[in-house]
Amino acid sequence: MSEELWHRCLTRLEDELPSQQFNMWIRPLQVSASADGEEMTLFAPNRFVVDWVRDKYLERIGEVLGELQSGPLPQVRLEVGSSRSRPAPPAQPSAPAPERRATPSVEPRPRAVSTELGGAAKHRSNLNSSFTFVTFVEGKSNRMASAAAQQVAENPASHGYNPLLLYGGVGLGKTHLMHAVGNELLRRNPNAKVVYLHSERFVADMISALRNKTINEFKRFYRSVDALLIDDIQFFAGKEQSQEEFFHTFNALLENGQQIILTCDKFPKEVDGLEERLKSRFGWGLSQPLEPPELETRVAILKKKAEEARVELPNDAAFFIAQRIRSNVRELEGALRRVIAHVRFTGAQIDIGLIKEALKDLIALQARQISIDNIQRTVAEYYKIKVPDLHSPRRTRSVARPRQVAMALSKELTSHSLPEIGESFGGRDHTTVLHACRKVAELRESNPEIEEDYQNLLRTLTS
Ligand SMILES: Nc1ncnc2c1ncn2[C@@H]1O[C@H](COP(=O)(O)OP(=O)(O)OP(=O)(O)O)[C@@H](O)[C@H]1O
């Protein structure tokens, strides 16, 4: 009940507060309510958020809760931790009933928070428990990154793997892998202090620590962890003071043999506004890229996610979605969610017709973007030949190979049939197109240059 109350309170606060404030301080709070509804614990990712929320927002939270509920209000506690890693405190009928307060109050011992952070008590991590190695689907595009992450989980802070830096575009599994390491470290050593945070959080915490004159505690906290996981370090760009502080934290952790894991949206050397010394430090360990997953991996991811959602996704349906959604895994998940919602809504079985209906706007958008014409122009430009060469009967290697690549791309990226594709390449037979697709698949396996060409063209056509 208190959880529902908190969610209504969240909706109200979201309307009232500037979205940046809401997203920064209120949204990360996780709630856990006692079974008897007398206590509501709000978990914050770290003590700086606890302090900030207590100072700035707790009173308003109390008022909103009071407006939303007429009966007695739960006692609100603010703590560091995560509701996922800790079951809701059980009701204790035999204990003396706590004093009910009309206005929420925080535990009157702010130091208790620091005991939790630094003391012997088991640290409650803020990791997403569903991001594990078990739920991560491996494929060519992420195999090296996944292997490096597993190495770190098995031998944290070992030389050569510290820091571990995972980089690549949006929605490709960097955060997932980073949490997978954290979760595995905790599974192996439940007392390990594994701290995950977004780089913007680090910056915000540092600023509030400076303002509140708690910078020494801030330093102590970040230097006391066994593993520090910082997401999206490109956000440090241009923030000199934060980079300075992070640089020192980074050095201290490395010197003490504590593990650091970082993610970045590109290779850090390419991030403008990051200090050179940081860039060079990041290169001390192991940097691994995550690439957009290829078709087979996209299919495997869809099958896995469908299985997790307990939905039967036939192979042809998985292929149909994977052929159309290529940009990243987050979008793939979004498409699958839509298909599943459609299934639940209509009660129908998953088949191609249902998917076309559920994803019709996405498919239409894509069809508008990628045409055979477009593919032919791009391929001709890439191989420095002329578009009419792709239509012509010429069979010299310099023309025949690009033509086969263009045919394979047309099969992968459009919904045209083999005869239609053949028609667009100078009226060729559908068996010629089929042969081209097989040949290109074979060459991509055996010839890294062709694979690279194919990937470059895919990227150009789909970005
Ligand atoms: N190989 C994979 N297997 C299973 N799920 C995956 C895989 N790669 C990504 N995902 C899922 O895709 C979603 C997006 O992944 P994630 O948040 O890790 O991306 P990211 O690379 O950190 O992107 P961003 O920089 O936008 O945060 C998550 O739900 C994640 O579980």
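Just so it is clear, the structure is predicted and the values come from calculations on it, not from any experiment.
T175 and D231 are linked by a side-chain donor-acceptor pair at a separation below 3.5 angstrom, with hydrogens and angles left out of the test. A donor-acceptor contact under 3.5 angstrom links the side chains of H391 and Q376, judged on distance only.
F246 and F282 have tilted rings, their planes meeting at an angle from 30° to 60° on a 0 to 90° scale. Relative ring orientation between F131 and H179 is described as perpendicular, the plane-to-plane angle rising above 60° on a 0-90° scale split at 30° and 60°.
One N or O on the side chain of N328 and one on the backbone of R330 form a donor-acceptor pair closer than 3.5 Å. Under a 3.5 Å cut-off, the side chain of T135 and the backbone N or O of S130 do form a donor-acceptor pair. Of the possible polar contacts, none joining the Q259 side chain to the P156 backbone as a donor-acceptor pair under 3.5 Å is found. Side-chain atoms of H198 never come within 3.5 Å of backbone atoms of I230 as a donor-acceptor pair (strictly under, hydrogens ignored). In this structure a side-chain-to-backbone donor-acceptor pair under 3.5 Å is present from N212 to S208. A donor-acceptor pair under 3.5 Å is absent between the side-chain atoms of D226 and the main chain of V194, judged by distance alone. A side-chain donor-acceptor contact under 3.5 Å links T460 to the backbone of N456. Proximity of a side-chain donor or acceptor of Q243 to a complementary backbone N or O of F236 within less than 3.5 Å is detected. Side-chain atoms of Q404 do not come within 3.5 Å of backbone N or O of V440 as any donor-acceptor pair.
Closest non-hydrogen pair, C264 versus V271, comes out as SG-CG2, 3.7 Å. The heavy-atom pair separating P293 from S141 by the smallest distance is CA-OG, 3.2 Å. Residues I260 and N162 approach most closely at N-OD1, 2.9 Å, considering heavy atoms. Considering every non-hydrogen atom in both D232 and T263, the closest pair reads N-OG1, 2.7 Å. Contact between S287 and Y167 at its shortest, heavy atoms only, is CB-CE2, 4.0 Å. Considering all non-hydrogen atoms of both residues, I375 and A406 come closest at CG2-O, 3.7 Å.
Within the 4.5 Å cutoff, side-chain heavy atoms of L409 are placed close to those of L458. Taking 4.5 Å as the limit, some side-chain heavy atom of E245 sits within range of a side-chain heavy atom of K219. Using a 4.5 Å heavy-atom cutoff, the side chains of L42 and W6 are in contact. The shortest side-chain heavy-atom distance between E451 and E294 does not fall under the 4.5 Å cut-off. Within the 4.5 Å cutoff, the side chain of Q349 has no heavy atoms near those of the E312 side chain. Between F425 and T432, the closest side-chain pair of non-hydrogen atoms is not below 4.5 Å. When side chains are defined from C-beta on, E14 does not count as touching T11, because their heavy atoms never get closer than 4.5 Å. In this structure the side chain of D316 never reaches within 4.5 angstrom of the side chain of D351, judged on heavy atoms.
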(message) If you apply the rule side-chain contact (heavy atoms from CB on, under 4.5 Å), what do you find for I352 with K356, and how did you get there?
(response) CA-CA 6 Å; I352 306 285; K356 279 187 176 159; 4.1 Å; yes
(message) Assess the residue pair K303 and E307 against the criterion (salt bridge (charged side-chain N to carboxylate O under 4.0 Å, His left out)); give the C-alpha distance rounded to whole Å, side-chain angles, the decisive distance to 0.1 Å, and a yes or no.
(response) CA-CA 6 Å; K303 299 277 288 182; E307 192 188 304; over 6 Å; no
(request) Output, in order, the C-alpha distance, side-chain angles, deciding distance and verdict of side-chain hydrogen bond (donor to acceptor under 3.5 Å, both in side chains) for S417 and H430. (result) CA-CA 9 Å; S417 63; H430 78 277; over 6 Å; no
(message) Is there a side-chain contact (heavy atoms from CB on, under 4.5 Å) between M206 and Q241? Walk through the geometry before answering.
(response) CA-CA 9 Å; M206 195 200 71; Q241 198 175 358; 4.2 Å; yes
(request) In sequence, state the C-alpha distance, the side-chain angles, and the governing distance for R211 and D55, and then conclude on salt bridge (charged side-chain N to carboxylate O under 4.0 Å, His left out). (result) CA-CA 13 Å; R211 197 176 293 141; D55 291 351; over 6 Å; no
(request) Apply side-chain contact (heavy atoms from CB on, under 4.5 Å) to V152 and L286, showing your working. (result) CA-CA 10 Å; V152 169; L286 185 66; over 6 Å; no
(message) With side-chain contact (heavy atoms from CB on, under 4.5 Å) as the criterion, how do Y57 and I26 come out once you've worked through the C-alpha distance, each side chain's angles and the decisive distance to 0.1 Å?
(response) CA-CA 9 Å; Y57 303 110; I26 307 294; 3.9 Å; yes
(message) Would R220 and E217 count as a salt bridge (charged side-chain N to carboxylate O under 4.0 Å, His left out) here? Give the steps.
(response) CA-CA 5 Å; R220 213 170 320 144; E217 287 174 45; 5.6 Å; no
(request) Start with the C-alpha distance between R281 and N251, add both sets of side-chain angles, then the distance that settles side-chain hydrogen bond (donor to acceptor under 3.5 Å, both in side chains), and finish with yes or no. (result) CA-CA 9 Å; R281 285 287 194 286; N251 288 342; 2.8 Å; yes
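Cation-pi geometry between R401 and Y383 is not met at under 6.0 angstrom from the ring centre and within 45 degrees of the axis.
Distance check, rounded to the nearest 0.5 Å: CZ of R201 to OH of Y196 gives 11.0 Å. Summarising the geometry, atom OH belonging to Y161 is positioned 10.0 Å from atom CD belonging to E154; distances are rounded to the nearest 0.5 Å. The NZ atom of K174 sits 12.0 Å away from atom CG of N142, with the distance rounded to the nearest 0.5 Å. The distance from atom CD1 of I321 to atom CG of L359, rounded to the nearest 0.5 Å, is 6.0 Å. Between the OH atom in Y454 and the CD atom in E412 there is a gap of 4.0 Å [rounded to 0.5 Å]. Interatomic distance, CD1 of I233 versus OG of S242, reported as 13.0 Å (0.5 Å rounding).
Taking a 6.0 Å sphere around NZ of K279, one finds it holds more than 12 heavy atoms contributed by other residues, nucleotides or ligands. Residue-environment remark: CZ (R438) stays at or below the threshold of 12 foreign heavy atoms within 6.0 Å. With a 6.0 Å radius and a threshold of 12 heavy atoms from other residues, nucleotides or ligands, E240 has its CD atom at or below the threshold.
A salt bridge between E308 and K304 is absent, with no side-chain N of the basic residue lying under 4.0 Å from a carboxylate O of the acidic one. Looking at R324 and E331, no side-chain N of the basic residue comes within less than 4.0 Å of a carboxylate O on the acidic one, giving no salt bridge. Salt bridge annotation for D15-R12: absent, with no cationic side-chain nitrogen under 4.0 angstrom from a carboxylate oxygen. Between E291 and R459, at least one side-chain nitrogen of the basic residue sits less than 4.0 Å from a carboxylate oxygen of the acidic one, meeting the salt-bridge criterion.
Evaluated for a salt bridge (Lys or Arg N to Asp or Glu O under 4.0 Å) with E333, the options K305, R338, R298 yield exactly one hit, K305.
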